[in-house]
*Asks:* 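Handing you this structure, nothing more for now.
Below, each value reflects all heavy atoms present in this structure, side chains not excepted, and no hydrogens, waters or symmetry copies. Protein chains get the first letters and strands the later ones, always in sequence-line order, with residue 1 at the start of each.
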There are 2 protein chains.
Amino acid sequence: MKISTKVEFGIVALADIAIYSVNGETVSSSDISSRQNISQKYLEQILVALRQAGFIRGQKGSRGGYTLARPASEISFSEILNGLDNNILADTYVSEDDTDGGLRDKVNSCIWDKLNGYMREFTAKMTLADFIELHKSESEENDGSFMYYI
Amino acid sequence: MKISTKVEFGIVALADIAIYSVNGETVSSSDISSRQNISQKYLEQILVALRQAGFIRGQKGSRGGYTLARPASEISFSEILNGLDNNILADTYVSEDDTDGGLRDKVNSCIWDKLNGYMREFTAKMTLADFIELHKSESEENDGSFMYYI
DNA sequence: CAAAAAGCCTATTGACATACTAGGAAATAA
DNA sequence: TTATTTCCTAGTATGTCAATAGGCTTTTTG
């Protein structure tokens, strides 16, 4: 399954902000850009989307940047996915003309909508904090001073 | 999640062939086209793909058409999906340059590949015969003479 | 044998989405 | 006031999707 860079970078950016915005410090797009190796201009667009979706707060001006708008433990992946991509967790839309009770309807209702249900279930359970915890515990170069904001 | 018409029509075509090719009779693309309301020319391309993937056999010439190459109970949805779309069940590919052990890797390995695993699990269990049975049992206009090949 | 019926193959096209690049306006802190 | 940063808009190259179209090949049938 193909994952768009917009979603991928969006998640990475959120995690980066969660990890590095300790003590209310802001994280700038150039910080994230260099740390995560993402084009800054492209990243900025994604950050705007994340702000509009209510996940982060932006602080303009010198020494500005981003902080999480909510604790990472209260941001689920299903919310993030819906905020960045209004297709990936959506059920298949069948136009009224095609609802003929035939095989096409059944494929959509029995296969795809069911798969979407599984995806929603899994992504609803997992939070940004879970993901960061997973990343932290599996990272071997962890020197003990690894800090993150939950 | 978006489903391509190629995959959707491919499944419908397979089901249609399974249902209507009783006693070794063939099912022509024009039969499927009119029954399922799919452009015949487009359908033909999909049928070629289904034949090349080994799901159906084509019989050329007058009175020709298609039959299943294997029993519907031995055709899983994961096989069909892989035959029609080499992306939908595939794990995210990460180029060697990007395997830096950072957050991007983790997003792919912990989220997407896991989701793919669930999808593969579900689609591997379900067969074409299961789907047809489901369709048959839920179709209210069933008059008892409904026949299909398993 | 000829003609019709079917599968089979390839090329082309319009629409749309993706993944950026680019330029600059607005706000804010130093 | 100047540097820094977010924020907004436009453009663009590339690729995929969903067909449409034309015609060749094979096989049955009259």
Side-chain angles (χ1 to χ4, degrees), chain A residues 1-10 12-13 17 20-21 24-34 36-67 69 84-88 90 92-93 95 98 104, chain B residues 1-10 12-13 17 20-21 24-34 36-53 55-69 84-88 90 92-93 95 98 104:
Chain A
M1 185 185 170
K2 193 172 160 261
I3 165 180
S4 68
T5 59
K6 183 179 181 188
V7 169
E8 183 182 347
F9 294 167
V12 168
I17 293 168
Y20 290 99
S21 69
E25 263 181 65
T26 60
V27 175
S28 73
S29 65
S30 79
D31 288 343
I32 304 172
S33 166
S34 54
Q36 307 299 338
N37 207 33
I38 301 172
S39 147
Q40 185 177 347
K41 275 299 195 183
Y42 185 34
L43 182 63
E44 284 176 5
Q45 296 176 28
I46 298 169
L47 288 166
V48 167
L50 287 171
R51 181 183 54 79
Q52 286 169 344
F55 300 119
I56 57 178
R57 264 192 286 264
Q59 168 74 16
K60 282 186 180 179
S62 189
R63 308 284 288 172
Y66 298 93
T67 52
L84 291 172
D85 188 312
N86 44 15
N87 197 356
I88 196 161
T92 41
Y93 170 72
S95 78
D98 293 335
R104 293 184 58 180
Chain B
M1 186 183 169
K2 193 171 159 261
I3 166 180
S4 69
T5 58
K6 184 180 181 186
V7 170
E8 182 182 347
F9 294 167
V12 168
I17 293 168
Y20 290 99
S21 69
E25 264 181 63
T26 61
V27 176
S28 72
S29 66
S30 78
D31 288 343
I32 304 172
S33 166
S34 54
Q36 307 299 339
N37 207 32
I38 301 171
S39 147
Q40 185 177 348
K41 275 300 196 182
Y42 186 33
L43 183 62
E44 285 177 2
Q45 294 176 34
I46 299 170
L47 288 166
V48 166
L50 287 171
R51 181 182 54 80
Q52 286 170 343
F55 299 119
I56 56 178
R57 263 193 287 265
Q59 168 74 18
K60 282 186 179 180
S62 188
R63 309 283 288 172
Y66 297 93
T67 52
L68 287 191
L84 291 172
D85 187 313
N86 45 15
N87 196 355
I88 196 161
T92 41
Y93 170 72
S95 77
D98 294 334
R104 292 185 58 181

*Asks:* Within this structure, what is the CG-to-C1' distance between N87(A) and dA17(C), rounded to whole angstrom?
*Replies:*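 Answer to the nearest Å: 10 Å.
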*Asks:* Does a side-chain N or O from T5(A) land closer than 4.0 Å to OP1 or OP2 of dC20(C), or not?
*Replies:* yes
*Asks:* Between CD1 of I32(B) and CZ of F9(B), what distance do you get to the nearest 0.5 Å?
*Replies:* 12.5 Å
*Asks:* What contact category does Q59(A) fall into here, base, sugar-phosphate, or nothing, at under 4.0 angstrom with non-hydrogen atoms?
*Replies:*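 Q59(A): backbone/sugar contact only, no base atoms under 4.0 Å.
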*Asks:* Below the 4.0 Å mark, does dT13(C) have OP1 or OP2 next to a side-chain nitrogen or oxygen of Y42(B)?
*Replies:* no
*Asks:* Under 3.5 Å, is there a donor-acceptor pair between the S29(A) and Q40(A) side chains?
*Replies:* yes
*Asks:* So, does the side chain of K41(B) form a donor-acceptor pair with the base of dG23(D) at under 3.5 Å?
*Replies:* yes
*Asks:* Assuming nearest nucleotide by heavy-atom distance, tell me which of G61(A) and S62(B) is located more 5' along DNA chain C.
*Replies:* S62(B)
*Asks:* L84(B) has an atom CG; how far is it from atom C1' of dA19(D), in whole Å?
*Replies:*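 Value for this atom pair: 16 Å.
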*Asks:* I'd like to know if the side chain of T67(A) reaches the main chain of G24(A), judged simply by a donor and an acceptor atom lying under 3.5 Å from each other, with no hydrogens or angles considered.
*Replies:* no
*Asks:* So, is R51(A) close to the dT6(D) phosphate, meaning a side-chain N or O under 4.0 Å from OP1 or OP2?
*Replies:*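 No, outside the criterion.
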*Asks:* dT16(D) C1' sits how many Å from N86(B) CG, rounded?
*Replies:* 12 Å
*Asks:* Supply the atom-to-atom distance K2(B) NZ to T92(A) OG1, rounded to the nearest 0.5 angstrom.
*Replies:*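 Reported to 0.5 Å precision, the distance equals 12.0 Å.
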*Asks:* Could a donor-acceptor pair under 3.5 angstrom be found where the side chain of K2(A) meets the base of dG15(D)?
*Replies:*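 It does not, because no donor-acceptor pair links the side chain of K2(A) to the base of dG15(D) below 3.5 Å.
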*Asks:* Could you tell me how far apart K60(A) (NZ) and dA27(C) (P) are, to the nearest whole angstrom?
*Replies:*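 Value for this atom pair: 5 Å.
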*Asks:* Could you check Q45(A) against D85(B) and say which one's nearest nucleotide on DNA chain D is further toward the 5' end?
*Replies:* Q45(A)
*Asks:* Could you tell me whether a side-chain N or O of S33(B) sits under 3.5 Å from a main-chain N or O of I38(B), the two making a donor and an acceptor?
*Replies:* yes
*Asks:* Without decimals, in angstroms, what is the distance between I56(A) CD1 and dT5(D) P?
*Replies:* 16 Å
*Asks:* Distance-only, no hydrogens or angles: does the S21(A) side chain make a donor-acceptor pair with backbone N or O of V27(A) under 3.5 Å?
*Replies:*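 Flag not set: sc S21(A) to bb V27(A) has no pair under 3.5 Å.
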*Asks:* With DNA chain C as reference, determine whether E44(A) or R63(B) sits nearer its 5' end, using the nearest nucleotide of each.
*Replies:* R63(B)
*Asks:* With sugar-phosphate meaning primed atoms plus P, OP1 and OP2, does S29(B) contact a base, only sugar-phosphate, or nothing at under 4.0 Å between heavy atoms?
*Replies:*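 Answer is sugar-phosphate: S29(B) comes under 4.0 Å of backbone atoms only.
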*Asks:* Whole-Å distance between dG22(D) P and Q40(B) CD?
*Replies:*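 It works out to 15 Å between those atoms.
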*Asks:* Rounding to a whole Å, what distance do you find between I32(B):CD1 and dA5(C):C1'?
*Replies:*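 Spelled out: CD1 on I32(B) to C1' on dA5(C) is 16 Å.
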*Asks:* Using atom CD1 of I88(A) as one end and atom P of dT18(C) as the other, report the distance to the nearest whole Å.
*Replies:*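 It works out to 10 Å between those atoms.
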*Asks:* Examine dT21(C): is either OP1 or OP2 under 4.0 Å from a nitrogen or oxygen in the side chain of S39(A)? Give yes or no.
*Replies:*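 Looking at the OP1 and OP2 atoms of dT21(C), one of them is under 4.0 Å from a side-chain N or O of S39(A).
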*Asks:* Determine the contact category for Q52(A): base if any of its heavy atoms lies under 4.0 Å from a base atom, sugar-phosphate if only primed atoms, P, OP1 or OP2 are that close, otherwise nothing.
*Replies:*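 The residue Q52(A) makes sugar-phosphate contact but no base contact.
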*Asks:* Could you say whether F9(B) or Y66(A) is positioned toward the 5' end of DNA chain D, judged by the nucleotide with the nearest heavy atom to each?
*Replies:*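 Its nearest nucleotide lies further toward 5', so the answer is Y66(A).
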